[in-house]
Every structure is written in structure tokens, then in C-alpha cells.
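These notes are about the structure you will find just below.
Chain letters run A, B, ... following the sequence lines, proteins first, then strands; residues in each count from 1. Predicted, not measured: the structure shown is a model, and the values here were computed from it.
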Amino acid sequence: MSYRTIKSNKGSKTPGTYGKTINDIEKLSELELVTEIQNKLKNYRPQKVRRKLIEKDNGKLRPLGIPCILDRIIQQSFKQVLEPIVEAQLYNHSYGFRPLRSTHHAMAGVQSLINKASLHYVVDIDIKGFFDNINHTLLIKQLWNLGIQDKKVLACISKMLKAEIDGEGLLSPLLSNVVLNDLDQWVANQWEFFPLNKPFKSRVGELLAKKRTNLKEDYLVRYADDFKILCRDWRTAQKWYHDVRQYLKEHLKLEISLEKSRIINLRKHQSEFLGFTIRANKKRNKRVAHTGIKTNKKQKIKAEAKKHILKLNASPSSQNALLFNSFVLGIHNYFNRATHVNIEFSRLAYDLRTFMYNRLKSVGKYEHPSNPPPTYKKFYSLGFKTFKIANVYPKHLGGNDKFNNLRILHKEVHKLIHQTDKQTIDKLINKLGITMPMVKKINIYREQCGLELI
DNA sequence: ATCGGACTGAC
RNA sequence: CUUGUCAGUCCGAU
């Protein structure tokens, strides 16, 4: 139905080894396409994949397989069927590769656990070569347990898995969530979901009762294979470290990296997650999460910025200036969520200031912006001078921006944002006729409040 | 309201 | 230089 949803870009010129191009497919009639796919599925044999290399933190490169167009259509359709089934059963604090969830949601989850629950010990676990070491027969079993019990479907999936030995296809992100969901549930069952004999009226009351038991208090936050367990003290943290290691080994046949996995006391040291640094600093008599940008990331940003400035110096076209702007806005947009953005970005701007001035003074005018575009006004105050190149103002890294916390909302929608009871949430959604994009927006606000996503 | 182009991040 | 999934942002067109 929707092969158009598969992005093709300019990469449509890969005939021969990768089979049909997106242009070929658009020429086919619907019927021809369907028969083609049916033929392929009869004896499904995934074709070659192109590879993209992605750089990991430690500088190592790992391949990411990109299957040919026809396989992408097939895998996409598998995904569209499997996703809602799996999605409904996944753990709430698993954030990687899931619709409506992002890195920012994961970070917000960690921060609220530090701030609200005062959990300052974090168990960082790094699984050794996770994507390469997934146990296929186990995965098929896990899918079966989740309710996918069509043997033909499972056979196709297992063939796809075999073809993707050292890369991943479209649905391996989804499958990675299937594998690690067992871990999520196992961890959560020991505290969060642990049933008490007495029913409790309020969640606070239940929480207090749980604290009196000798269960290990903990919460897990996961983004794909990158996960943390937050605990209150060092002893429980250590217990978790060993328990999780054993669980992964026995039940999922996965090893952890002993060098990279460790327990961190956030009051003394910082942990890292999704490009951010995290620590728990003193604020009056409390401790709150302070987040910044990872140092190696900062260096990369500086290097990239310099590259962009040089390009702008070489050819000061409006196109390049706009390109530079989208680069800056992109970075801002991601790292805005850090509590220390202002400090981090001011330093970046300071380090780059002379470089930028020297390179741009010959190609642009240094002036107070006159009649700047609305996005410029939104982010930067007008009191400062900036460059003007080919009629556009390049944005600087490190604008001190005020936060827009004031929004006018519908009364019921406001209720929905702060609501924690699942039934009332569902009721409200039905009553107000909330659509997907609306849920997205509401989740943004819920993220800011540190609440669970809908 | 739709549909394109660009950029950022995580994997 | 080329390019997958998810999320976000900017710009443009009708």
C-alpha cells in the first residue's frame, strides 16, 4: 500500500546488484508489484545489502546494513504488522526505536528518578556486541511468547535474520526490543511491578509499603542496548550488577563488557547517557540532576563548526549561510535539554569566537541585525552585533535563550498532561478526540513534568 | 491542512 | 562522498 513511505532520496540509482530501483517500482502497476512480492515471499531469500558505517563512541566503526528496495518493502510490511503487537507489551521505560519516544524522553526519565526519587547510584551495563550476538532461536521463542504464532511469518523472520549476519535490516531495531524486553520485565517485576498482598488506594501509600519490605529499590531506563539501573545505595547497585550479568548470561546468552560496565555514585562522579553527562549536584539540602554535553562530543561540535565556517569563508552564499544555521539550530535543539546548556554553549561560542570573527570579517558585515527573521528573534536578543552574509544572519552557538514555559492550553488538555491514572487518560483521549500528533505534543509536556508517557 | 528540501541526536 | 529506523528542529512550495 505504501511503498512511498520508504525513503529513497537520490539513492535510487543502484541497479544490478541491488535489484530494482524505486523508479522501477513506481512504474510497476499495483498488481505487478504484488505478484513480485508474492514470488519473493514463496521462497524468501533476502538480497545483498549496502552498508553504512556508523561511528561508535570509542571510535570504532560498525556496519549498518541497508537492504535493497524490494526487501525494504517486505521488511517494512512485516514491521507494520509486528510493531503494534510488540509495542503494546513493551516496558514503559524502554525508549529506543519506538514510535513517539526519543532520547530526550529517556533522559527525562533518568533525571526525574534522580530528582524525585533521589536515586543517586547508577549501574551502567554495556552488552558486548549486542546486535551481533543475538540468539536467533531464542528470539523466535520470544516472539512466540509475545503472541506472534504464525509459523510462516516466523520462518520468514528467521531467514531475514540469517541474511543479516553482520548488519541489520529494517526490523532488527524492533527485534532488539523484543530480546531485551524480557530483561526489562524481569527487573521491573522485582520492584516496580512487584505485587503486594494488600491493594493500595494511592501510589504513594504503595510505595511506602514497598520500602518497608526488603526488596531492592530500582528502576531501569533503556535505550536500545544502552541501559542503566538506578538505585538508592551502593549495596543494591552491586547486587543488581551481578544479578543482571547473570541473567543476561543465562537467559539471553549475552555477555557484558567488564571494562565498560560499572557502578557510579552520581554525587561524586559523572555518568554518561545518549551524548549527555549526568551527575547529582547539591542544591540547598537536596541533590538534583545536572546534565551537560559529553566532552568528546563537544570537541566534535567544535571541529564541525570550524569546517562550516571555513566553507562559509570560501563561498559566502546565502545557501551556505542557511546551511550553517541549520547546523547550529540542530545542535541547539538536541542539547537544549541539558540543564547546563548555557554554560556549555557559551564556552563553545567563546572558543570559536575569534576563529569565527577572523574568517567572516572579510566576507560579511558585522552589524546590529536589522529586520531579522522571526527565528532569529525567537532565539537571540537583538542587542548584539552579528554578521550578515549574503543577506542572512548566521546564528552563533551559545545564544542565552529564555525558556518558553508559558503556553495557553485547553483546560481538559491540561488535566490530561498532569493525569497519572491510566483509565482517566483513556477516557480523556476518547472524549477529546486526541490524534497521534496531539499525543506527541502532550508527551513533550509530560516529559518536561517528568511524568510517564502516554 | 498537505508535500518536499536541510540539519541535529541515539543506535 | 554515499545511506536505514526512531525522534526533534528549521526552511520552502501548494
Side-chain angles (χ1 to χ4, degrees), chain A residues 4-14 18 22 49-57 60-69 71-73 75-76 78-80 82-83 87 90 94-108 126-127 129-132 164 167-177 180 221-227 272-276 293-294 297 300-301 304-305 308 318-338 373-376 378-379 392 394-395 397 401 435-437 439-441 443-444 447 453:
Chain A
R4 277 167 199 282
T5 59
I6 299 171
K7 290 241 169 78
S8 76
N9 295 353
K10 311 124 196 170
S12 52
K13 44 164 189 218
T14 47
Y18 299 112
I22 195 101
V49 292
R50 245 180 304 172
R51 294 172 159 204
K52 174 197 183 176
L53 293 177
I54 58 176
E55 200 179 331
K56 286 189 79 179
D57 253 16
K60 278 187 186 170
L61 295 175
R62 62 181 240 86
L64 191 63
I66 300 164
C68 70
I69 296 285
D71 279 330
R72 265 172 45 206
I73 292 170
Q75 296 196 21
Q76 180 67 250
F78 268 85
K79 197 193 126 198
Q80 277 174 9
L82 297 185
E83 190 157 70
E87 188 60 28
L90 289 184
S94 156
Y95 295 95
F97 304 120
R98 293 181 61 188
L100 306 179
R101 284 155 196 257
S102 70
T103 51
H104 294 310
H105 296 130
M107 279 301 289
D126 184 287
I127 300 173
F130 172 70
F131 285 99
D132 303 328
E164 296 161 1
E168 299 109 52
L170 259 168
L171 63 155
S172 46
L174 179 65
L175 298 180
S176 76
N177 278 334
L180 288 179
V221 178
R222 184 165 69 77
Y223 193 96
D225 64 327
D226 198 351
F227 67 91
E272 297 180 338
F273 196 40
L274 307 172
F276 293 96
I293 308 172
K294 268 163 76 170
K297 202 75 222 165
K300 259 187 211 163
I301 292 172
E304 283 294 307
H308 273 98
S318 67
Q319 202 187 7
N320 274 344
L322 290 171
L323 217 64
F324 179 78
N325 282 353
S326 51
F327 163 74
V328 175
L329 284 178
I331 303 244
H332 260 121
N333 193 223
Y334 186 76
F335 289 106
N336 234 337
R337 264 72 165 190
T375 41
Y376 191 94
K378 190 172 150 198
F379 287 114
V392 331
K395 312 213 185 310
L397 279 156
D401 322 322
T435 57
M436 275 301 244
V439 173
K440 267 190 192 183
K441 281 196 179 163
N443 272 343
I444 289 168
E447 177 198 338
L453 304 177

Whole-Å distance separating the CG atom of A:L180 from the P atom of B:dC11: 14 Å
Of the non-hydrogen atoms in A:R337 and A:F276, which two are nearest, and what is the gap between them? CB-CZ, 4.4 Å
Provide a list of protein-nucleic acid N or O atom pairs under 3.5 angstrom, restricted to nucleotides 10-13 of chain C.
| residue | atom | partner | partner atom | Å |
| --- | --- | --- | --- | --- |
| C:rC10 | OP1 | A:K378 | NZ | 3.2 |

Distance, rounded to the nearest Å, where A:N325 contributes CG and B:dA6 contributes P: 16 Å
On DNA chain B, more 5' by nearest nucleotide between A:F327 and A:A224 is A:F327
From the set B:dA10, C:rU9, B:dA6, return the single nucleotide nearest to any side-chain atom of A:Y334. B:dA10
Distance check: side-chain N/O of A:K79 vs OP1/OP2 of C:rG4, anything under 4.0 Å? no
How many whole angstroms separate atom CG of A:D225 from atom P of C:rU5? 19 Å
If the plane angle is over 60° it's perpendicular, under 30° parallel, otherwise tilted; pick one for A:H308 and A:F327. parallel
How close or far is atom P of B:dT8 from atom CG of A:N336, stated in whole angstroms? 16 Å
On a heavy-atom basis, the closest approach of A:Y334 and A:L274 is OH-O, 2.8 Å
Indicate the atoms forming the closest heavy-atom contact of A:S94 with A:N177, along with that distance. OG-OD1, 3.7 Å
Nearest listed nucleotide, side chain of A:F97, among C:rG8, C:rU5, B:dG9: C:rU5
Tell me whether A:D226 contacts the main-chain N or O of A:F273 through its side chain, where contact means a donor paired with an acceptor under 3.5 Å. no
Describe the nucleic acid contact of A:G275 in one word from base, sugar-phosphate, nothing, applying a heavy-atom distance below 4.0 Å. sugar-phosphate
Without decimals, in angstroms, what is the distance between A:E304 CD and B:dT8 P? 7 Å
Mind checking side chain to side chain donor-acceptor pair (under 3.5 Å) for A:Q319 and listing every partner two or more places apart, or none if nothing turns up? none
Quick one: A:R222 CZ to B:dC11 C1', roughly how many Å, whole number? 12 Å
Toward the 5' end of DNA chain B, by each residue's nearest nucleotide, A:L323 or A:F335: A:L323
A:L180 side, atom CG; A:L175 side, atom CG - distance, nearest 0.5 Å: 11.5 Å
Measure CG/A:L174 against P/C:rG4 and give the value in whole Å, please. 19 Å
Starting at OH of A:Y223 and ending at C1' of C:rG8, how long is that distance when rounded to a whole Å? 11 Å
